[in-house]
Amino acid sequence: MQELRKRAGELLADGTVARVLAWRAGDLPYNPEPAFFETEAELEHLVYDGFCGANLSKLMIEASKLEGKTLVCLKPCDTYSFNQLVKEHRVDREKAYIIGVGCRGKLDIEKIRRQGIRGIEAVEGAELDGPEELTIRTFSGEKKCAYRDAMLERCHVCKGKEHMAYDELLGESRDTKDAERFAEVEAIERMPAKERFAYFQKELSKCIRCNACRNACPACSCRKCVFDSTKFDSEQKANVDSFEEKMFHIIRAFHVAGRCTDCGECSRVCPQGIPLHLFNRKFIKDINTFYGEYQAGTGSDEKAPLTNYTLEDAEPSVVRERG
Amino acid sequence: MSIANESFRPKIVAFCCNWCSYAGADLAGSSRLSYPADVKIIRVPCSCRVNPMFILRAFERGADGVILCGCHPGDCHYTTGNYYTRRRMTLLFSMLDFLGVENGRTRVEWVSAAEGVKFSATMNEFVETIRALGPNVRLGDLRCRS
Ligand code: SF4
Ligand code: SF4
Ligand code: SF4
(Lines give C-alpha, C1' and ligand atoms only; values in the text may rest on other atoms or scores of the structure.)
(Ligands and ions follow the chains in the order given, each with its own letter.)
Protein backbone atom coordinates (compact mmCIF):
# COMPACT_ATOMS: atom_id res chain seq x y z
CA MET A 1 0.00 0.00 0.00
CA GLN A 2 2.80 2.34 0.97
CA GLU A 3 4.60 1.47 -2.22
CA LEU A 4 1.49 2.09 -4.30
CA ARG A 5 0.93 5.49 -2.66
CA LYS A 6 4.54 6.41 -3.27
CA ARG A 7 4.51 5.39 -6.92
CA ALA A 8 1.17 7.12 -7.54
CA GLY A 9 2.58 10.25 -5.91
CA GLU A 10 5.62 10.19 -8.19
CA LEU A 11 3.53 9.81 -11.31
CA LEU A 12 1.25 12.65 -10.23
CA ALA A 13 4.23 14.84 -9.43
CA ASP A 14 6.06 14.32 -12.70
CA GLY A 15 2.88 14.96 -14.67
CA THR A 16 2.60 11.51 -16.25
CA VAL A 17 -0.92 11.29 -14.91
CA ALA A 18 -3.48 13.90 -13.96
CA ARG A 19 -5.32 11.77 -11.43
CA VAL A 20 -5.26 8.43 -9.73
CA LEU A 21 -8.12 5.97 -9.71
CA ALA A 22 -7.88 3.57 -6.79
CA TRP A 23 -9.74 2.82 -3.54
CA ARG A 24 -10.18 4.68 -0.29
CA ALA A 25 -11.56 3.56 3.04
CA GLY A 26 -15.34 3.36 3.20
CA ASP A 27 -17.58 3.93 6.19
CA LEU A 28 -17.03 0.39 7.48
CA PRO A 29 -13.72 -1.38 7.99
CA TYR A 30 -14.44 -3.79 5.17
CA ASN A 31 -15.90 -1.74 2.36
CA PRO A 32 -13.29 0.39 0.65
CA GLU A 33 -14.75 2.25 -2.31
CA PRO A 34 -13.43 3.39 -5.68
CA ALA A 35 -12.06 6.91 -5.56
CA PHE A 36 -10.21 9.48 -7.66
CA PHE A 37 -7.23 11.29 -6.16
CA GLU A 38 -5.90 14.46 -7.72
CA THR A 39 -3.18 15.62 -5.36
CA GLU A 40 -0.33 13.92 -3.55
CA ALA A 41 -1.78 15.00 -0.22
CA GLU A 42 -5.04 13.14 -0.94
CA LEU A 43 -3.11 9.94 -1.60
CA GLU A 44 -2.73 9.28 2.11
CA HIS A 45 -6.33 8.04 1.97
CA LEU A 46 -5.54 5.50 -0.72
CA VAL A 47 -5.99 1.91 0.44
CA TYR A 48 -5.36 -1.42 -1.20
CA ASP A 49 -6.19 -4.56 0.73
CA GLY A 50 -8.21 -7.76 0.51
CA PHE A 51 -11.50 -5.88 0.50
CA CYS A 52 -10.70 -3.88 -2.63
CA GLY A 53 -12.74 -6.22 -4.80
CA ALA A 54 -14.27 -3.44 -6.90
CA ASN A 55 -13.23 -3.62 -10.53
CA LEU A 56 -12.20 -0.09 -11.51
CA SER A 57 -12.09 -0.63 -15.25
CA LYS A 58 -15.65 0.60 -15.83
CA LEU A 59 -14.81 3.94 -14.23
CA MET A 60 -12.28 4.42 -17.00
CA ILE A 61 -15.17 5.13 -19.38
CA GLU A 62 -15.74 8.46 -17.70
CA ALA A 63 -12.05 8.96 -17.02
CA SER A 64 -11.33 8.56 -20.74
CA LYS A 65 -13.29 11.73 -21.39
CA LEU A 66 -11.18 13.79 -19.01
CA GLU A 67 -8.10 15.81 -19.80
CA GLY A 68 -4.83 13.92 -19.32
CA LYS A 69 -4.04 10.38 -18.30
CA THR A 70 -5.58 8.55 -15.39
CA LEU A 71 -3.53 6.16 -13.34
CA VAL A 72 -5.73 3.16 -12.73
CA CYS A 73 -5.00 0.24 -10.41
CA LEU A 74 -6.11 -3.04 -11.91
CA LYS A 75 -6.05 -6.53 -10.48
CA PRO A 76 -5.32 -9.36 -12.90
CA CYS A 77 -9.03 -10.11 -13.49
CA ASP A 78 -9.82 -6.39 -13.93
CA THR A 79 -7.45 -6.18 -16.87
CA TYR A 80 -9.67 -8.54 -18.86
CA SER A 81 -12.57 -6.12 -18.39
CA PHE A 82 -10.32 -3.23 -19.29
CA ASN A 83 -9.25 -4.88 -22.55
CA GLN A 84 -12.84 -5.67 -23.41
CA LEU A 85 -13.82 -2.03 -22.89
CA VAL A 86 -10.94 -0.91 -25.11
CA LYS A 87 -12.04 -3.39 -27.76
CA GLU A 88 -15.56 -1.99 -27.64
CA HIS A 89 -14.20 1.57 -27.93
CA ARG A 90 -15.61 2.55 -24.57
CA VAL A 91 -12.25 3.23 -22.99
CA ASP A 92 -9.26 4.95 -24.53
CA ARG A 93 -6.07 2.99 -23.85
CA GLU A 94 -4.02 6.16 -24.38
CA LYS A 95 -5.82 7.84 -21.51
CA ALA A 96 -4.86 5.15 -19.03
CA TYR A 97 -1.70 4.44 -17.13
CA ILE A 98 -2.20 1.01 -15.65
CA ILE A 99 -0.52 -0.17 -12.52
CA GLY A 100 -1.15 -3.90 -12.44
CA VAL A 101 -1.51 -4.56 -8.73
CA GLY A 102 -0.82 -7.94 -7.20
CA CYS A 103 -3.65 -10.02 -5.82
CA ARG A 104 -3.92 -12.85 -3.37
CA GLY A 105 -7.68 -13.17 -3.59
CA LYS A 106 -10.33 -10.70 -2.51
CA LEU A 107 -12.50 -11.09 0.55
CA ASP A 108 -16.21 -11.52 0.99
CA ILE A 109 -17.44 -10.21 4.31
CA GLU A 110 -20.50 -12.44 4.05
CA LYS A 111 -18.29 -15.51 4.09
CA ILE A 112 -16.82 -14.32 7.38
CA ARG A 113 -20.27 -13.65 8.79
CA ARG A 114 -21.46 -17.05 7.71
CA GLN A 115 -18.88 -18.57 9.97
CA GLY A 116 -20.80 -17.07 12.86
CA ILE A 117 -18.50 -14.09 13.26
CA ARG A 118 -20.76 -11.13 14.01
CA GLY A 119 -20.35 -7.59 15.28
CA ILE A 120 -17.23 -7.02 13.24
CA GLU A 121 -15.24 -3.94 14.30
CA ALA A 122 -12.02 -4.45 12.40
CA VAL A 123 -10.29 -7.01 10.23
CA GLU A 124 -6.54 -7.43 10.42
CA GLY A 125 -4.27 -9.29 8.05
CA ALA A 126 -6.09 -8.36 4.83
CA GLU A 127 -3.02 -6.63 3.34
CA LEU A 128 -1.48 -7.92 0.17
CA ASP A 129 1.54 -9.25 2.03
CA GLY A 130 -0.45 -10.24 5.10
CA PRO A 131 -0.61 -13.63 6.83
CA GLU A 132 -2.71 -16.62 5.76
CA GLU A 133 -5.09 -15.99 8.63
CA LEU A 134 -7.33 -13.02 9.32
CA THR A 135 -7.78 -11.67 12.81
CA ILE A 136 -11.21 -10.21 13.29
CA ARG A 137 -12.02 -7.94 16.18
CA THR A 138 -15.67 -8.15 17.19
CA PHE A 139 -17.94 -7.01 20.03
CA SER A 140 -17.33 -10.35 21.64
CA GLY A 141 -13.58 -10.57 21.34
CA GLU A 142 -11.09 -11.65 18.74
CA LYS A 143 -11.88 -14.30 16.13
CA LYS A 144 -9.70 -16.04 13.55
CA CYS A 145 -10.57 -17.03 10.02
CA ALA A 146 -8.39 -18.50 7.27
CA TYR A 147 -7.94 -15.99 4.44
CA ARG A 148 -8.85 -18.65 1.92
CA ASP A 149 -12.16 -19.40 3.63
CA ALA A 150 -13.16 -15.77 3.37
CA MET A 151 -12.41 -15.37 -0.34
CA LEU A 152 -14.95 -14.44 -2.97
CA GLU A 153 -16.26 -17.28 -5.10
CA ARG A 154 -14.52 -15.85 -8.15
CA CYS A 155 -11.08 -16.08 -6.57
CA HIS A 156 -11.43 -19.82 -6.11
CA VAL A 157 -11.73 -20.09 -9.89
CA CYS A 158 -9.33 -17.25 -10.68
CA LYS A 159 -8.27 -17.01 -14.33
CA GLY A 160 -4.68 -16.49 -13.25
CA LYS A 161 -2.46 -13.82 -11.86
CA GLU A 162 -1.13 -12.55 -15.14
CA HIS A 163 -2.16 -9.01 -16.05
CA MET A 164 -3.55 -8.81 -19.57
CA ALA A 165 -2.67 -5.12 -19.84
CA TYR A 166 -0.39 -2.91 -17.77
CA ASP A 167 2.20 -0.19 -17.87
CA GLU A 168 3.92 -1.38 -14.74
CA LEU A 169 3.40 -4.05 -12.12
CA LEU A 170 3.44 -3.67 -8.37
CA GLY A 171 3.07 -6.21 -5.59
CA GLU A 172 3.25 -9.99 -5.39
CA SER A 173 0.29 -12.22 -6.22
CA ARG A 174 -0.52 -15.59 -4.71
CA ASP A 175 -2.20 -18.51 -6.36
CA THR A 176 -5.81 -18.88 -5.26
CA LYS A 177 -7.42 -21.26 -7.73
CA ASP A 178 -8.70 -24.38 -6.04
CA ALA A 179 -11.96 -25.12 -7.86
CA GLU A 180 -13.14 -25.87 -11.37
CA ARG A 181 -14.70 -22.91 -13.10
CA PHE A 182 -17.67 -24.80 -14.54
CA ALA A 183 -18.24 -27.28 -11.71
CA GLU A 184 -21.22 -25.40 -10.28
CA VAL A 185 -22.86 -25.01 -13.68
CA GLU A 186 -22.36 -28.68 -14.41
CA ALA A 187 -23.89 -29.71 -11.11
CA ILE A 188 -27.02 -27.74 -11.97
CA GLU A 189 -27.15 -29.16 -15.48
CA ARG A 190 -27.27 -32.63 -14.00
CA MET A 191 -30.37 -31.84 -11.93
CA PRO A 192 -33.78 -32.77 -13.36
CA ALA A 193 -35.63 -29.84 -14.96
CA LYS A 194 -38.05 -29.48 -12.05
CA GLU A 195 -35.23 -29.17 -9.56
CA ARG A 196 -33.41 -26.65 -11.70
CA PHE A 197 -36.59 -24.62 -11.88
CA ALA A 198 -37.07 -24.79 -8.13
CA TYR A 199 -33.44 -23.90 -7.51
CA PHE A 200 -33.57 -20.78 -9.64
CA GLN A 201 -36.98 -19.84 -8.32
CA LYS A 202 -35.55 -19.93 -4.80
CA GLU A 203 -32.51 -17.87 -5.73
CA LEU A 204 -34.13 -15.36 -8.04
CA SER A 205 -37.12 -14.62 -5.86
CA LYS A 206 -34.62 -12.90 -3.55
CA CYS A 207 -33.87 -10.27 -6.19
CA ILE A 208 -34.97 -6.79 -5.19
CA ARG A 209 -34.20 -5.30 -8.61
CA CYS A 210 -31.75 -2.82 -7.21
CA ASN A 211 -29.86 -3.07 -10.51
CA ALA A 212 -26.53 -3.15 -8.69
CA CYS A 213 -25.43 -6.11 -10.83
CA ARG A 214 -25.97 -4.07 -13.95
CA ASN A 215 -24.39 -0.94 -12.56
CA ALA A 216 -21.23 -2.72 -11.48
CA CYS A 217 -20.76 -4.83 -14.59
CA PRO A 218 -17.98 -3.51 -16.82
CA ALA A 219 -19.64 -5.14 -19.81
CA CYS A 220 -22.90 -3.26 -19.13
CA SER A 221 -21.83 0.07 -20.48
CA CYS A 222 -24.65 1.12 -22.81
CA ARG A 223 -25.69 4.71 -22.42
CA LYS A 224 -29.32 3.73 -22.65
CA CYS A 225 -30.32 0.53 -20.96
CA VAL A 226 -33.36 -1.60 -21.61
CA PHE A 227 -33.85 -1.86 -17.86
CA ASP A 228 -34.44 1.87 -17.63
CA SER A 229 -37.01 1.88 -20.38
CA THR A 230 -40.68 1.59 -19.58
CA LYS A 231 -41.44 0.09 -22.98
CA PHE A 232 -40.23 -3.48 -22.60
CA ASP A 233 -41.77 -4.79 -19.37
CA SER A 234 -38.26 -4.96 -17.99
CA GLU A 235 -38.06 -1.79 -15.94
CA GLN A 236 -37.64 -1.88 -12.19
CA LYS A 237 -40.90 -3.03 -10.65
CA ALA A 238 -42.33 -5.86 -8.62
CA ASN A 239 -42.50 -9.12 -10.50
CA VAL A 240 -45.90 -10.48 -11.29
CA ASP A 241 -45.03 -14.05 -12.14
CA SER A 242 -42.11 -16.38 -11.96
CA PHE A 243 -41.30 -15.73 -15.58
CA GLU A 244 -40.80 -12.03 -15.07
CA GLU A 245 -38.54 -12.92 -12.21
CA LYS A 246 -36.31 -14.83 -14.59
CA MET A 247 -36.60 -12.44 -17.48
CA PHE A 248 -34.42 -9.73 -15.98
CA HIS A 249 -31.65 -12.18 -15.27
CA ILE A 250 -31.77 -13.88 -18.65
CA ILE A 251 -31.69 -10.54 -20.44
CA ARG A 252 -28.92 -9.15 -18.27
CA ALA A 253 -26.77 -12.18 -18.88
CA PHE A 254 -27.65 -12.33 -22.57
CA HIS A 255 -26.70 -8.71 -23.15
CA VAL A 256 -23.19 -9.45 -21.96
CA ALA A 257 -22.88 -12.95 -23.44
CA GLY A 258 -19.66 -13.23 -25.38
CA ARG A 259 -18.40 -10.00 -23.82
CA CYS A 260 -18.54 -11.04 -20.18
CA THR A 261 -15.05 -11.73 -18.92
CA ASP A 262 -16.34 -13.63 -15.88
CA CYS A 263 -14.92 -10.95 -13.60
CA GLY A 264 -17.45 -11.85 -10.93
CA GLU A 265 -18.50 -8.32 -10.06
CA CYS A 266 -22.20 -9.08 -10.49
CA SER A 267 -22.16 -11.79 -7.83
CA ARG A 268 -19.94 -9.72 -5.58
CA VAL A 269 -22.19 -6.67 -5.51
CA CYS A 270 -25.55 -8.41 -5.27
CA PRO A 271 -26.93 -7.43 -1.85
CA GLN A 272 -29.09 -10.53 -1.88
CA GLY A 273 -26.25 -12.95 -2.50
CA ILE A 274 -27.73 -14.33 -5.72
CA PRO A 275 -25.16 -16.44 -7.61
CA LEU A 276 -25.38 -14.37 -10.79
CA HIS A 277 -22.16 -15.79 -12.15
CA LEU A 278 -24.06 -19.00 -12.88
CA PHE A 279 -25.88 -17.27 -15.71
CA ASN A 280 -22.78 -15.78 -17.26
CA ARG A 281 -20.81 -18.94 -16.86
CA LYS A 282 -23.54 -21.03 -18.43
CA PHE A 283 -23.29 -18.81 -21.50
CA ILE A 284 -19.51 -19.01 -21.47
CA LYS A 285 -19.63 -22.77 -21.14
CA ASP A 286 -22.10 -23.07 -24.03
CA ILE A 287 -20.03 -20.75 -26.18
CA ASN A 288 -16.94 -22.83 -25.48
CA THR A 289 -18.78 -26.04 -26.29
CA PHE A 290 -20.57 -24.90 -29.42
CA TYR A 291 -18.24 -22.32 -30.92
CA GLY A 292 -14.82 -23.09 -29.51
CA GLU A 293 -12.95 -21.83 -26.46
CA TYR A 294 -13.29 -18.10 -26.04
CA GLN A 295 -12.20 -15.82 -23.26
CA ALA A 296 -13.27 -12.20 -23.50
CA GLY A 297 -10.71 -9.57 -22.61
CA THR A 298 -7.47 -11.37 -23.37
CA GLY A 299 -6.62 -8.54 -25.73
CA SER A 300 -6.85 -10.56 -28.94
CA ASP A 301 -8.76 -8.99 -31.82
CA GLU A 302 -10.78 -12.14 -32.40
CA LYS A 303 -14.47 -11.46 -33.10
CA ALA A 304 -16.84 -11.93 -30.18
CA PRO A 305 -18.78 -15.21 -30.53
CA LEU A 306 -22.17 -13.56 -30.92
CA THR A 307 -20.99 -11.27 -33.68
CA ASN A 308 -19.52 -14.18 -35.55
CA TYR A 309 -20.70 -17.42 -37.13
CA THR A 310 -19.56 -20.38 -39.14
CA LEU A 311 -21.51 -22.24 -41.79
CA GLU A 312 -21.42 -25.39 -39.69
CA ASP A 313 -22.77 -23.96 -36.43
CA ALA A 314 -25.05 -26.18 -34.36
CA GLU A 315 -28.79 -25.79 -34.90
CA PRO A 316 -30.83 -24.53 -31.93
CA SER A 317 -32.43 -27.97 -31.78
CA VAL A 318 -29.23 -29.38 -30.24
CA VAL A 319 -30.51 -28.13 -26.92
CA ARG A 320 -33.55 -30.38 -27.16
CA GLU A 321 -31.62 -33.30 -28.59
CA ARG A 322 -29.02 -33.04 -25.87
CA GLY A 323 -31.92 -33.73 -23.50
CA MET B 1 -56.72 -26.31 -11.39
CA SER B 2 -56.43 -28.64 -14.29
CA ILE B 3 -57.44 -27.97 -17.82
CA ALA B 4 -58.22 -30.95 -19.97
CA ASN B 5 -55.90 -30.99 -22.91
CA GLU B 6 -58.71 -31.44 -25.46
CA SER B 7 -60.21 -28.06 -24.58
CA PHE B 8 -56.85 -26.35 -24.34
CA ARG B 9 -56.22 -23.89 -27.15
CA PRO B 10 -52.57 -22.92 -26.94
CA LYS B 11 -51.36 -19.45 -27.76
CA ILE B 12 -48.55 -19.79 -30.24
CA VAL B 13 -46.47 -16.92 -31.51
CA ALA B 14 -44.65 -17.47 -34.80
CA PHE B 15 -42.01 -14.95 -35.83
CA CYS B 16 -41.61 -15.26 -39.61
CA CYS B 17 -39.06 -13.50 -41.73
CA ASN B 18 -40.48 -11.40 -44.50
CA TRP B 19 -38.54 -12.95 -47.35
CA CYS B 20 -38.86 -16.69 -46.85
CA SER B 21 -41.06 -17.93 -44.06
CA TYR B 22 -43.78 -15.31 -44.32
CA ALA B 23 -43.95 -16.00 -48.01
CA GLY B 24 -43.99 -19.71 -47.14
CA ALA B 25 -47.00 -19.08 -44.90
CA ASP B 26 -48.59 -17.19 -47.75
CA LEU B 27 -48.00 -20.09 -50.08
CA ALA B 28 -49.49 -22.47 -47.53
CA GLY B 29 -52.55 -20.25 -47.57
CA SER B 30 -52.87 -19.93 -51.31
CA SER B 31 -52.30 -23.69 -51.65
CA ARG B 32 -55.19 -24.18 -49.19
CA LEU B 33 -53.05 -26.06 -46.76
CA SER B 34 -54.33 -25.67 -43.23
CA TYR B 35 -52.63 -24.98 -39.96
CA PRO B 36 -54.23 -24.22 -36.59
CA ALA B 37 -55.60 -20.77 -35.95
CA ASP B 38 -53.77 -20.86 -32.61
CA VAL B 39 -50.66 -19.75 -34.45
CA LYS B 40 -50.33 -15.97 -34.54
CA ILE B 41 -47.79 -14.83 -37.08
CA ILE B 42 -45.64 -11.78 -36.49
CA ARG B 43 -43.75 -10.69 -39.57
CA VAL B 44 -40.17 -9.53 -39.09
CA PRO B 45 -37.75 -8.28 -41.74
CA CYS B 46 -35.25 -11.02 -40.96
CA SER B 47 -35.04 -13.79 -38.40
CA CYS B 48 -32.12 -11.95 -36.85
CA ARG B 49 -34.44 -9.02 -36.13
CA VAL B 50 -35.79 -11.19 -33.36
CA ASN B 51 -34.21 -9.95 -30.21
CA PRO B 52 -34.19 -12.74 -27.59
CA MET B 53 -36.29 -10.34 -25.58
CA PHE B 54 -39.16 -10.75 -28.09
CA ILE B 55 -39.28 -14.45 -27.29
CA LEU B 56 -39.21 -13.82 -23.58
CA ARG B 57 -41.86 -11.16 -23.81
CA ALA B 58 -44.12 -13.46 -25.76
CA PHE B 59 -43.90 -15.95 -22.90
CA GLU B 60 -44.31 -13.22 -20.37
CA ARG B 61 -47.50 -12.09 -22.11
CA GLY B 62 -48.91 -15.58 -21.93
CA ALA B 63 -47.71 -17.48 -24.99
CA ASP B 64 -47.57 -21.25 -24.57
CA GLY B 65 -45.07 -21.70 -27.35
CA VAL B 66 -42.88 -19.51 -29.55
CA ILE B 67 -41.51 -20.51 -32.92
CA LEU B 68 -39.09 -18.56 -35.04
CA CYS B 69 -38.94 -19.18 -38.80
CA GLY B 70 -36.39 -17.83 -41.22
CA CYS B 71 -34.70 -18.54 -44.52
CA HIS B 72 -32.51 -21.63 -44.69
CA PRO B 73 -28.91 -20.99 -43.71
CA GLY B 74 -27.18 -19.70 -46.82
CA ASP B 75 -30.40 -18.26 -48.26
CA CYS B 76 -30.83 -15.21 -46.04
CA HIS B 77 -32.06 -12.18 -47.97
CA TYR B 78 -29.41 -10.19 -46.11
CA THR B 79 -26.86 -12.96 -46.67
CA THR B 80 -25.90 -13.75 -43.10
CA GLY B 81 -28.72 -12.68 -40.76
CA ASN B 82 -29.90 -16.17 -39.96
CA TYR B 83 -26.41 -17.33 -38.99
CA TYR B 84 -26.50 -14.85 -36.13
CA THR B 85 -30.03 -15.96 -35.27
CA ARG B 86 -28.79 -19.51 -35.06
CA ARG B 87 -26.15 -18.70 -32.46
CA ARG B 88 -28.40 -16.44 -30.42
CA MET B 89 -31.26 -18.84 -30.26
CA THR B 90 -29.07 -21.80 -29.44
CA LEU B 91 -27.74 -19.92 -26.45
CA LEU B 92 -31.13 -18.61 -25.42
CA PHE B 93 -32.80 -22.01 -25.60
CA SER B 94 -29.98 -23.55 -23.70
CA MET B 95 -30.38 -20.92 -20.99
CA LEU B 96 -34.13 -21.49 -20.75
CA ASP B 97 -33.42 -25.16 -20.40
CA PHE B 98 -30.84 -24.44 -17.71
CA LEU B 99 -33.49 -22.55 -15.76
CA GLY B 100 -35.84 -25.48 -16.02
CA VAL B 101 -38.27 -23.87 -18.47
CA GLU B 102 -39.23 -26.61 -20.93
CA ASN B 103 -37.36 -25.95 -24.09
CA GLY B 104 -39.97 -27.83 -26.14
CA ARG B 105 -41.87 -24.56 -26.06
CA THR B 106 -39.32 -22.79 -28.18
CA ARG B 107 -38.23 -23.73 -31.65
CA VAL B 108 -36.42 -22.47 -34.72
CA GLU B 109 -37.31 -23.80 -38.18
CA TRP B 110 -35.97 -22.80 -41.54
CA VAL B 111 -38.83 -22.43 -44.04
CA SER B 112 -38.31 -21.11 -47.55
CA ALA B 113 -40.82 -19.24 -49.69
CA ALA B 114 -41.39 -22.44 -51.69
CA GLU B 115 -42.10 -24.57 -48.65
CA GLY B 116 -45.79 -23.98 -48.03
CA VAL B 117 -46.12 -27.65 -47.22
CA LYS B 118 -43.30 -27.55 -44.70
CA PHE B 119 -44.79 -24.44 -43.12
CA SER B 120 -48.16 -26.05 -42.59
CA ALA B 121 -46.65 -29.34 -41.39
CA THR B 122 -44.30 -27.55 -38.98
CA MET B 123 -47.09 -25.49 -37.48
CA ASN B 124 -49.39 -28.49 -37.11
CA GLU B 125 -46.68 -30.43 -35.43
CA PHE B 126 -45.62 -27.57 -33.15
CA VAL B 127 -49.19 -26.94 -32.01
CA GLU B 128 -49.53 -30.64 -31.23
CA THR B 129 -46.32 -30.54 -29.17
CA ILE B 130 -47.53 -27.56 -27.19
CA ARG B 131 -50.97 -29.12 -26.68
CA ALA B 132 -49.26 -32.15 -25.25
CA LEU B 133 -47.12 -29.99 -22.96
CA GLY B 134 -50.21 -28.15 -21.78
CA PRO B 135 -50.47 -24.55 -20.66
CA ASN B 136 -47.35 -22.81 -19.48
CA VAL B 137 -48.30 -23.26 -15.82
CA ARG B 138 -44.76 -23.44 -14.55
CA LEU B 139 -44.48 -19.77 -15.09
CA GLY B 140 -46.97 -19.28 -12.32
CA ASP B 141 -48.44 -16.20 -10.77
CA LEU B 142 -46.38 -14.99 -7.83
CA ARG B 143 -49.07 -12.91 -6.29
CA CYS B 144 -50.97 -15.95 -5.07
CA ARG B 145 -47.91 -17.79 -3.88
CA SER B 146 -48.24 -18.73 -0.24
S1 SF4 C 1 -10.37 -13.44 -9.48
FE2 SF4 C 1 -8.15 -13.66 -9.26
S3 SF4 C 1 -7.28 -11.69 -9.87
FE4 SF4 C 1 -9.48 -11.39 -9.51
S5 SF4 C 1 -9.68 -10.70 -7.41
FE6 SF4 C 1 -9.90 -12.92 -7.35
S7 SF4 C 1 -7.84 -13.76 -7.06
FE8 SF4 C 1 -7.62 -11.59 -7.65
S1 SF4 D 1 -27.79 -6.99 -7.68
FE2 SF4 D 1 -28.94 -8.79 -6.98
S3 SF4 D 1 -30.80 -7.98 -6.03
FE4 SF4 D 1 -29.89 -6.31 -7.25
S5 SF4 D 1 -30.92 -6.47 -9.24
FE6 SF4 D 1 -29.04 -7.67 -9.40
S7 SF4 D 1 -29.67 -9.75 -8.85
FE8 SF4 D 1 -31.29 -8.39 -8.15
S1 SF4 E 1 -21.75 -10.17 -16.19
FE2 SF4 E 1 -20.75 -10.26 -14.16
S3 SF4 E 1 -18.93 -11.48 -14.51
FE4 SF4 E 1 -19.63 -10.83 -16.52
S5 SF4 E 1 -18.52 -8.95 -16.97
FE6 SF4 E 1 -20.45 -8.36 -15.99
S7 SF4 E 1 -20.01 -8.18 -13.80
FE8 SF4 E 1 -18.31 -9.33 -14.76
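Naming convention: chains lettered A, B, ... in sequence-line order (proteins, then strands); numbering from 1 in each chain.
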Practice problem: Decide yes or no for B/T90 and A/D286: does some side-chain heavy atom of the first lie under 4.5 Å from some side-chain heavy atom of the second? | Solution: no
Quiz prompt | Heavy-atom contact with chain B under 4.5 Å, split by part of A/V226 | solution = side chain
Quiz item: What part of A/P305 gets closer than 4.5 Å to chain B, counting heavy atoms only: side chain, backbone, both or neither?
Solution: both
Practice problem: Answer with side chain, backbone, both or neither: which region of A/E312 has an atom nearer than 4.5 Å to a non-hydrogen atom of chain B? | Solution: backbone
Quiz item: Relative to chain A, which segment of B/L92 carries a heavy atom at a distance below 4.5 Å: side chain, backbone, both, or neither?
Solution: both
Quiz item: Is the count of non-hydrogen atoms from other residues, nucleotides or ligands lying under 6.0 Å from A/R90 atom CZ greater than 12?
Solution: yes
Quiz item: Taking the six-membered ring of A/Y291, is NZ or CZ of B/R87 closer than 6.0 Å to its centre and within 45° of its axis?
Solution: yes
Exercise. Among B/M95, B/M89, B/R61, B/R88, single out the residue with the greatest number of heavy-atom pairs under 4.5 Å to chain A.
Key: B/M95
Quiz item: What do you reckon, is CD of A/E180 surrounded by more than 12 foreign heavy atoms closer than 6.0 Å?
Solution: no
Self-check item: Between A/F279 and B/F98, ring centroids under 6.0 Å
Solution: no
Exercise. Take atom CD of A/E186 as the centre, draw a 6.0 Å sphere, and report whether it contains more than 12 heavy atoms from other residues, nucleotides or ligands.
Key: yes
Quiz item: Is any side-chain heavy atom of A/S317 closer than 4.5 Å to a side-chain heavy atom of B/E109?
Solution: no
Quiz item: Are any side-chain N or O atoms of B/R86 and backbone N or O atoms of A/T310, one a donor and one an acceptor, separated by less than 3.5 Å?
Solution: yes
Quiz item: Just by modelled atom types, is the B/D97 backbone N or O under 3.5 Å from a matching donor or acceptor in the A/R196 side chain?
Solution: yes
Quiz item: Is it the case that more than 12 heavy atoms not belonging to B/F15 sit under 6.0 Å from its CZ atom?
Solution: yes
Self-check item: Part of A/F200 within contact of chain B (heavy atom distance under 4.5 Å)
Solution: side chain
Self-check item: Spatial distance of atom CD1 (A/I250) from atom CZ (B/F59) [nearest 0.5 Å]
Solution: 10.0 Å
Self-check item: Greatest number of heavy atom pairs closer than 4.5 Å to chain A - which of B/P52, B/G104, B/P73
Solution: B/P52
Quiz prompt | Any side-chain heavy-atom pair of B/Y83 and A/D313 under 4.5 Å | solution = no
Quiz item: Taking atom CG of A/L278 and atom CG of B/L99, what is their separation to the nearest 0.5 Å?
Solution: 10.0 Å
Quiz item: Is there a side-chain contact between A/N308 and B/Y84, using heavy atoms and a 4.5 Å cut-off?
Solution: no
Quiz item: In Å and rounded to the nearest 0.5 Å, what is the CE to CE distance from A/M247 to B/M53?
Solution: 4.5 Å
